[in-house]
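Below is one structure; the comments refer to it alone.
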Amino acid sequence: MNRETETLLRDVVTRVKRAVEDQECPAVVSLQGDRFLTLSDYDYLRDDATALGFEERAGARAEEIHAVRWALAVPQVLALIEGDVAARAVSNLPLREGEREAITWMTCDLQDGVDYGLVPYTRRPSGHPVFGDLEVFTVAVRPTDWMPGRHLLRRFGEHGDLRF
């Protein structure tokens with residue numbers, strides 16, 4: 001990941017952290033091209049159609065500003081089930097056994113490609129989140145259709161020189 005993409009990612013993650021601290025859980029994407037543009041969607045995790053709609057809108061804006069990179073971050077509840085990662089929307093309900101909260105993220109840069117990772121967090125008894133460090137996945141990741149950013153990645157790849 002190059003310096004520009006990392007800076008964009010850290011900005012997006014900081015925005016999502018502030019939202020989580022305010023008990024909100026939007027998806028946030030920042031696009032960099034002819035100019036910077038940041039979009040958010042508070043209903044992103046409601047259903048697949050809503051997530052797809054947000055990523056389509058973000059993709060259209062990426063085309064408009066001739067984006068060369070983007071970063072997307074989404075707070076989620078993750079669980080490892082039979083070797084696969086399952087995810088659901090953050091809620092005010094207690095976590096079930098084996099679940100953990102994290103901000104999942106994806107970046108895409110036309111020159112450097114795609115990176116994935118997360119920022120784990122736990123909660124104090126008061127409910128206030130305590131965030132861990134930004135983690136980059138160092139194993140091969142093949143995003144599934146439920147993974148945040150997958151549709152945006154496809155659209156970005158169709159209209160750029162990205163090969164994945």
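Model, not experiment: these values are computed from the prediction.
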task = Please test Leu8 against Phe36 for side chain to side chain contact (heavy atoms under 4.5 Å, CB included), starting from the C-alpha separation and ending with a verdict.
result = CA-CA 9 Å; Leu8 195 64; Phe36 286 97; 4.0 Å; yes
task = Take Trp70 and Leu153 through the test side chain to side chain contact (heavy atoms under 4.5 Å, CB included) and record every step on the way to the result.
result = CA-CA 9 Å; Trp70 55 262; Leu153 182 61; 4.1 Å; yes
key: side chain to side chain contact (heavy atoms under 4.5 Å, CB included) assessment of Val20 paired with Phe131   = CA-CA 10 Å; Val20 169; Phe131 298 98; 4.0 Å; yes
request  = Evaluate the criterion side chain to side chain contact (heavy atoms under 4.5 Å, CB included) for residue pair Thr7 and Arg3; output intermediate values, then yes/no.
outcome  = CA-CA 6 Å; Thr7 300; Arg3 182 180 307 252; 4.3 Å; yes
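Within the 3.5 Å criterion, the main-chain N or O of Arg46 finds no donor-acceptor partner in the side chain of Asp43. Remark: side-chain polar atoms of Asp41 are not paired, donor with acceptor, to backbone N or O of Ala27 under 3.5 angstrom.
Contact record, Val90 with Tyr121: CG2-OH, 3.8 Å, taken as the closest heavy-atom pair. Summarising the geometry of Val16 relative to Pro75, their closest heavy-atom pair is CG1-CD, 3.8 Å, with the distance given to 0.1 Å. Heavy-atom minimum distance, Asp34 versus Glu64: OD2-O, 4.5 Å. Closest of all the heavy-atom pairs between Ala73 and Val13 is CB-CG2, 4.4 Å.
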With a 3.5 Å cut-off and sequence neighbours excluded, list the donor-acceptor pairs that the side chains of residues 94-107 form with protein atoms.
| unit_1 | atom_1 | unit_2 | atom_2 | d |
| --- | --- | --- | --- | --- |
| Glu99 | OE1 | Arg88 | NH2 | 2.8 |
| Glu99 | OE1 | Arg96 | N | 2.8 |
| Glu99 | OE2 | Arg88 | NE | 2.9 |
| Glu101 | OE1 | Arg123 | NE | 2.8 |
| Glu101 | OE2 | Arg123 | NE | 3.4 |
| Glu101 | OE2 | Arg123 | NH2 | 3.3 |
| Thr104 | OG1 | Val74 | O | 3.2 |
| Thr104 | OG1 | Gln76 | OE1 | 2.8 |
| Trp105 | NE1 | Glu135 | O | 3.4 |

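The side-chain heavy atoms of Ser40 and Phe54, taken from C-beta on, include no pair separated by under 4.5 Å. A 4.5 Å side-chain heavy-atom check between Leu78 and Leu118 finds at least one atom pair inside the cut-off. In this structure the side chain of Glu55 never reaches within 4.5 angstrom of the side chain of Val29, judged on heavy atoms. Residues Val119 and Asp133 are not in side-chain contact: their nearest non-hydrogen atoms beyond the backbone lie 4.5 Å or more apart. Side-chain contact check for Arg69 versus Leu110: every heavy-atom pair is 4.5 Å or farther apart. By the 4.5 Å heavy-atom criterion applied to side chains, Val28 and Leu72 are not counted as neighbours. Two residues are said to be in side-chain contact when any heavy atoms from C-beta on lie closer than 4.5 Å; Glu24 and Tyr42 meet this criterion.
Within 6.0 Å of CD in Gln111 there are 12 or fewer heavy atoms belonging to other residues, nucleotides or ligands.
Within the model, atoms CD1 of Ile65 and CG of Leu37 stand 5.0 Å from one another, a figure rounded to the nearest 0.5 Å. Note that SG of Cys108 is 9.5 Å distant from CG of Asp115, once rounded to the nearest 0.5 Å. Going from atom CG of Leu31 over to atom NE2 of His66 covers 13.0 Å, rounded to the nearest 0.5 Å. Interatomic distance, CE of Met1 versus CG of Leu9, reported as 5.0 Å (0.5 Å rounding).
The side chain to side chain contact (heavy atoms under 4.5 Å, CB included) test applied to Asp47 returns Ala49, Thr50, not counting sequence neighbours.
Leu152 and Leu52 fall into different hydrophobic clusters, where Ile, Leu, Val, Met, Phe, Trp and Tyr side chains are chained together by heavy-atom contacts under 4.5 Å.
The list of salt bridge (Lys or Arg N to Asp or Glu O under 4.0 Å) pairs with a residue in residues 10-21, not counting sequence neighbours, reads Glu6-Arg10, Asp11-Arg15.
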